[in-house]
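First up is the structure itself, then whatever we jot down about it.
Computed from a prediction, not measured in an experiment: that's the story for all the values here. By convention in this document, chain letters (A, B, ...) are assigned in the order of the sequence lines, proteins followed by strands, and residues within each chain are numbered from 1.
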Protein chains: 2
Amino acid sequence: MSLQYDEIVRGGLARQVADLIRTAILEGRLAVDERLPTEEELARRFAISRPTVREALKVLAAQNLIRSRRGPAGGTFVNRPDADGAARSITDTATLLVGMGRFDIDEIVTARMQTEALCCRLAAQNRSDADLAAMAAEIALQRDEALSDEDFCASDVRFHRAVVQATGNGPLQLMMHAMIESFIPITNMLIYRDHERRRTVAAHERIRAAIAARDAETAAQLMRDHVEGMRALLDQALARRNADKPRGGTP
Amino acid sequence: MSLQYDEIVRGGLARQVADLIRTAILEGRLAVDERLPTEEELARRFAISRPTVREALKVLAAQNLIRSRRGPAGGTFVNRPDADGAARSITDTATLLVGMGRFDIDEIVTARMQTEALCCRLAAQNRSDADLAAMAAEIALQRDEALSDEDFCASDVRFHRAVVQATGNGPLQLMMHAMIESFIPITNMLIYRDHERRRTVAAHERIRAAIAARDAETAAQLMRDHVEGMRALLDQALARRNADKPRGGTP
DNA sequence: AAACATAAAAGGTCTGACAAATACAACAAT
DNA sequence: ATTGTTGTATTTGTCAGACCTTTTATGTTT
């Protein structure tokens with residue numbers, strides 16, 4: 001006859017309260033930028049202590065759902081979910097997985113090759129002049145032979161992001177930025193020699209030209225070839241690394 | 001002359017400590033499943049109070065970096081980053097953005113259409129017999145006319161997930177699961193009538209057959225058509241909804 | 001050997017207080 | 001009259017110490 005009122009609550013008080021508030025936010029019962037009651041008031045309403053309220057709020061703050069400020073006009077406010085913050089959060093998660101070696105290099109390269117080719121197709125359809133200019137700017141930068149390896153890699157990332165940006169598709173940008181950024185720690189293992197730099201820049205320029213000409217299939221094929229070339233470089237780099245440290249995992 | 005020693009530390013003590021521990025985990029200085037000192041011990045080492053330590057740990061727990069257990073053999077442990085947890089985290093973030101109406105329905109449909117077509121191609125190349133069986137199982141379920149709308153939608157999601165699964169590509173699965181799941185609240189607005197259900201199931205079956213036959217291009221084209229059909233249904237549903245509530249946003 | 005009771009360890013919570021930041025009002029000086 | 005200063009109230013941030021709850025190890029009893 002017991003309706004199992006126990007065991008339907010999972011976790012401690014802090015977690016329960018955090019879940020309650022999170023649900024309220026997600027269901028729109030708490031509007032964006034709305035101010036929550038003070039911590040003391042929350043403690044009284046939930047009949048728990050203030051430290052427990054604070055633990056709950058810290059959890060929500062860690063998930064970018066709320067923010068807190070001190071002072072008379074301070075308090076706790078509901079955050080507006082913004083694409084940038086979400087992208088950062090997703091990128092962090094993906095970077096962690098990649099960094100811990102939960103994915104094969106090979107499948108990452110495949111995923112990037114295919115998805116970026118797709119972005120090329122959409123970019124060829126939807127690119128604006130500003131998008132083309134952004135790509136051209138990075139290409140110009142990459143032609144500077146005095147550029148450090150770090151800066152070259154950074155510019156490479158920005159070029160690929162510019163291609164994604166040119167698709168004009170928000171959800172796609174969200175996912176692709178995470179995919180590209182999470183790959184950085186791995187591409188940073190590469191050392192681009194002059195020869196490879198020239199090849200890379202030439203590939204970028206061909207891709208930009210195809211996108212400018214709205215030639216979707218050529219752009220996609222060029223991107224596939226470009227990333228496939230990176231796979232070869234990565235294999236060499238990994239081979240060198242394994243030669244140095246024969247039994248090295250991915251520490 | 002002041003070297004600006006202030007203002008280089010952002011946030012309170014709890015945040016600083018959380019950042020320290022997070023960095024230690026991400027850099028591998030704390031191994032997976034390693035046990036951290038007790039909260040009391042941490043408080044002593046950082047020269048802060050236990051409540052503050054707990055706030056820091058709550059933040060890390062919210063990010064799935066650590067877990068805590070009570071008891072003599074309990075304590076705080078470093079979590080192994082798993083794909084499932086990451087997928088859930090990414091899905092939550094994406095769902096929030098979609099739910100708050102930060103994306104157009106149209107661009108979401110486009111993104112899904114293109115990326116799922118891509119998955120179809122890869123699935124046709126890499127699918128195992130188990131993958132095909134999973135798709136067939138959902139199709140069989142969807143043929144049951146007694147299925148509730150809820151269950152039909154759930155099975156629809158599982159079918160699309162099965163296609164993604166068949167690509168065998170981890171990073172792609174991670175991104176696509178988020179894309180598919182975040183779309184659920186929107187597809188749930190649809191009410192499938194018998195006619196539309198039969199069309200949907202027929203499309204699923206054609207896609208499965210093409211993947212089984214390893215016919216990548218046909219499978220991709222079928223998926224594009226299938227999702228494009230959903231766009232039409234969604235437009236109708238949105239039109240109906242706007243007719244009911246002429247000035248309704250996306251609450 | 002198995003079942004049960006006991007104690008210790010660790011996270012979870014509570015209470016009450018003080019510290020620090022900040023908006024706003026009142027006031028003083030130019 | 002405008003500007004700078006000071007005070008004050010409010011709210012989050014931190015602290016200290018205590019007690020509660022859960023979990024496990026240990027030892028006792030049958």
Next item on the list: Might you work through the side-chain contact (heavy atoms from CB on, under 4.5 Å) test for B:Ile186 and B:Leu234, ending with a clear yes or no?
Entry: CA-CA 8 Å; B:Ile186 294 186; B:Leu234 272 173; 3.7 Å; yes
Within residues 59-70 of chain B, which residues have any heavy atom lying less than 4.0 Å from an atom of DNA chain C?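 Per residue number, the list reads B:Arg69, B:Arg70.
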- Pairwise side-chain contact, A:Val98 with A:Ile108, heavy-atom cut-off 4.5 Å (strictly under):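 Yes, at least one pair of side-chain atoms sits under 4.5 Å.
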Do NZ/NE/NH1/NH2 and the carboxylate oxygens of [X] and [Y] come within less than 4.0 Å?
X: A:Asp33; Y: A:Arg67; value: yes
X: A:Arg45; Y: A:Glu41; value: yes
X: B:Glu181; Y: B:Arg161; value: yes

- Atom pair CD (B:Gln173) and CD (B:Gln165), whose distance is rounded to the nearest 0.5 Å: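 The CD atom of B:Gln165 is 4.0 Å from CD of B:Gln173, to the nearest 0.5 Å.
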Say whether A:Arg22 and A:Gln63, considering side chains only, have a donor N or O and an acceptor N or O under 3.5 Å apart.
->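 There is such a pair between these side chains.
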Item to check | Those residues that, when tested against B:Pro72, pass side chain to side chain contact (heavy atoms under 4.5 Å, CB included) (two or more places apart) | outcome: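 Listed in chain order: nothing, the list is empty.
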Handout entry: salt bridge (Lys or Arg N to Asp or Glu O under 4.0 Å), paired with B:Glu39, selected from B:Arg70, B:Arg50, B:Lys58
Key =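 Result: among B:Arg70, B:Arg50, B:Lys58, B:Arg50 is the only option passing the salt bridge (Lys or Arg N to Asp or Glu O under 4.0 Å) with B:Glu39.
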### Query
Of all heavy-atom pairs between B:Ala83 and B:Leu174, which one has the smallest distance, and what is that distance?
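Smallest heavy-atom distance, with atoms named: O-CD1, 3.8 Å.
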| request: Between A:Ala73 and B:Glu40, name the one whose nearest nucleotide on DNA chain C is closer to the 5' end. | output: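 Upstream on the strand: B:Glu40.
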Check your understanding: Are A:Thr38 and D:dT10 close enough that a side-chain N or O sits under 4.0 Å from OP1 or OP2?
Key ->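 Answer no for this pair, as no side-chain N or O of A:Thr38 is under 4.0 Å from OP1 or OP2.
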Helical bend (five base pairs per end, nearest 10°) for the helix from C:dA1-D:dT30 to C:dT30-D:dA1 =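 End axes: 0° apart.
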task = Could you please spell out the steps behind the side-chain contact (heavy atoms from CB on, under 4.5 Å) verdict for B:Leu30 and B:Ile25?
result = CA-CA 5 Å; B:Leu30 289 171; B:Ile25 293 176; 3.8 Å; yes
Atom pairs, N/O to N/O, protein against nucleotides 5-9 of chain D, distance under 3.5 Å?
none

Extract from the structure each pairing of a protein N or O with an N or O of nucleotides 14-16 of chain D at less than 3.5 Å, listing the distance.
unit_1 : atom_1 : unit_2  : atom_2 : d
D:dT14 : OP1    : B:Leu13 : N      : 2.3
D:dT14 : O4     : A:Arg50 : NH2    : 3.3
D:dC15 : OP2    : B:Ser49 : N      : 3.0
D:dC15 : OP2    : B:Ser49 : OG     : 3.1
D:dC15 : OP2    : B:Thr52 : OG1    : 2.8

Above 12 or not: heavy atoms from other molecules or residues under 6.0 Å from CG of B:Asp129?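 For B:Asp129, atom CG is not crowded (no more than 12 foreign heavy atoms under 6.0 Å).
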Validation: residues 84-96 of chain B side-chain donor-acceptor distances under 3.5 Å, sequence neighbours left out:
unit_1  : atom_1 : unit_2  : atom_2 : d
B:Thr91 : OG1    : B:Ala87 : O      : 2.6
B:Thr93 : OG1    : B:Ser89 : O      : 3.0
B:Thr95 : OG1    : B:Thr91 : O      : 2.6

